[in-house]
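To keep things clear, I will list the structure first and then write my remarks on it.
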Amino acid sequence: MQPRVVYEGGLTKAAKVMKLASIASFVGASAAVPFFFTGDSAVPSAARTILALTTIGMTGSSTGIVTWALRPYITSISVLSTEEITAQTPLLVETMTVLAQPKVRLVFPEQLKPATQPLSSWVVDEISQELNDKAAKVLEEVNKGRKRLVTVAKPGDLFYAHMEGGLGSEMEQIIAVAGPSQA
């Protein structure tokens, strides 16, 4: 069965650009460090070292913050069923890797619990043996011919979805089962 998209993150493009720009600024700053130490200058080498470390520290910390903040951001949710969404309907939740590449995980609505962490809607709960067996079968089917494999969401994984206004009926069904964010 072909996955059917039921939710798309409204800020996906902006999130991808922010991640890539942040990484590019860190790489650029790192590449520029050797130039701090070349050429003749009246600036002492200790000051140059402090300047280089400050540059790397600032760009590195901003990249870290952007990566942390956008890690749970859901770019899309797809279902593998044409029927009404229930607690055991397999969901394919797509987020982004550090380099803004798609990362797809399989989760069931009954595993999604309201999260209390900032920038998170849901936290993934433990999976029952019954759902674990079902997940194995779903993954076998879904991963046929895929380059980037879908994996099972791990307990503790965080997801963030926009839950205000303009949601489709399928997304509202997912929220009804999983519960809205408490954060």
Side-chain angles (χ1 to χ4, degrees), residues 1-16 18-19 22-23 63-144 146-183:
M1 170 164 270
Q2 194 69 9
R4 181 172 48 90
V5 176
V6 297
Y7 170 82
E8 290 184 300
L11 299 174
T12 297
K13 270 189 174 178
K16 284 182 181 182
M18 190 182 304
K19 271 191 162 203
S22 178
I23 290 167
T63 298
I65 289 168
V66 167
T67 300
W68 169 80
L70 294 177
R71 186 173 188 194
Y73 188 79
I74 297 173
T75 58
S76 71
I77 298 176
S78 300
V79 294
L80 297 169
S81 170
T82 56
E83 301 168 14
E84 187 172 316
I85 294 172
T86 67
Q88 295 193 356
T89 300
L91 304 175
L92 299 179
V93 179
E94 182 178 309
T95 57
M96 293 179 283
T97 65
V98 171
L99 298 176
Q101 296 298 306
K103 179 179 182 178
V104 182
R105 287 170 282 179
L106 174 72
V107 68
F108 298 92
E110 76 177 43
Q111 286 181 270
L112 299 173
K113 305 300 178 206
T116 56
Q117 295 89 336
L119 303 172
S120 300
S121 304
W122 298 304
V123 61
V124 176
D125 201 5
E126 295 288 332
I127 189 170
S128 68
Q129 187 59 47
E130 175 189 355
L131 283 183
N132 196 38
D133 295 342
K134 184 175 181 178
K137 291 176 186 172
V138 170
L139 287 177
E140 186 178 326
E141 185 66 31
V142 168
N143 283 328
K144 285 182 183 172
R146 286 181 72 111
K147 289 182 181 179
R148 292 183 190 270
L149 298 180
V150 175
T151 59
V152 175
K154 297 179 188 87
D157 282 352
L158 296 171
F159 295 118
Y160 173 77
H162 301 280
M163 294 196 188
E164 59 284 329
L167 299 176
S169 62
E170 293 98 343
M171 186 63 178
E172 288 177 356
Q173 291 171 7
I174 293 169
I175 294 170
V177 174
S181 171
Q182 294 180 357

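The structure presented is a predicted model; accordingly, all values stated were derived computationally and were not measured.
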May I ask you to test the Val177-Thr86 pair for a side-chain heavy-atom distance under 4.5 Å?
-> no
Exam field: side chain Asn143 to backbone Val150, donor-acceptor pair closer than 3.5 Å = yes
Aromatic ring pairing Tyr7/His162, orientation class (parallel under 30°, perpendicular over 60°, tilted between) | tilted
Quickly, which of Val107, Ile175, Asp125 forms a side chain to side chain contact (heavy atoms under 4.5 Å, CB included) with Leu112? Name it, please.
-> Val107
Inter-residue atom distance Thr97.OG1 - Arg148.CZ, 0.5 Å rounding = 6.5 Å
Quick one: are Glu141 and Leu80 in side-chain contact, heavy atoms under 4.5 Å?
-> no
Is there side-chain contact between Leu91 and Val79, with at least one heavy-atom pair below 4.5 Å?
-> yes
For residues Leu119 and Gln117, determine if any side-chain heavy atom of one lies less than 4.5 Å from a side-chain heavy atom of the other.
-> no
Interatomic spacing from CD in Glu8 to CD1 in Ile77 - rounded to 0.5 Å = 11.0 Å
Student check: side-chain heavy atoms of Thr12 and Tyr73 closer than 4.5 Å = yes
Note: Pro114 and Ala178 closest approach over all heavy atoms is CD-O, 3.5 Å
Look only at the side chain of Glu170 and the backbone of Val6, and say whether a donor-acceptor pair between them is shorter than 3.5 Å.
-> no
About how many Å separate OG of Ser121 and OH of Tyr160, when rounded to the nearest 0.5 Å?
-> 6.0 Å
Begin with the C-alpha distance, continue with both residues' side-chain angles, and end with the deciding distance and a verdict on side-chain contact (heavy atoms from CB on, under 4.5 Å) for Leu106 and Leu92.
-> CA-CA 5 Å; Leu106 174 72; Leu92 299 179; 3.9 Å; yes
Gln88 side chain reached by Leu131 side chain, heavy atoms, under 4.5 Å | yes
Arg146 vs Val104, side-chain contact (heavy atoms from CB on, under 4.5 Å): CA-CA, chis, key distance, verdict = CA-CA 11 Å; Arg146 286 181 72 111; Val104 182; 3.9 Å; yes
Could you tell me the separation between the OG1 atom of Thr89 and the CD atom of Glu110, rounded to the nearest 0.5 Å?
-> 10.0 Å
Minimum heavy-atom distance between Arg105 and Asp157, given as atom pair plus value | NH1-OD2, 3.1 Å
From Leu139 atom CG to Leu149 atom CG, the distance as rounded to the nearest 0.5 Å | 9.0 Å
Is there a donor-acceptor pair closer than 3.5 Å between any side-chain N or O of Ser22 and the backbone N or O of Met18?
-> no
Identified side chain to side chain contact (heavy atoms under 4.5 Å, CB included) partner of Met96 from the options Lys103, Arg71, Lys16 | Lys16
CG on Leu99 to NZ on Lys19, rounded to 0.5 Å = 8.0 Å
Dump the intermediate steps for side-chain contact (heavy atoms from CB on, under 4.5 Å) on Ile174 and Met171, then the final yes or no.
-> CA-CA 5 Å; Ile174 293 169; Met171 186 63 178; 4.3 Å; yes
Output all residues satisfying ring-ring contact (aromatic ring centres under 6.0 Å, His included) with Phe108, sequence neighbours left out; order by chain, then residue number.
-> none
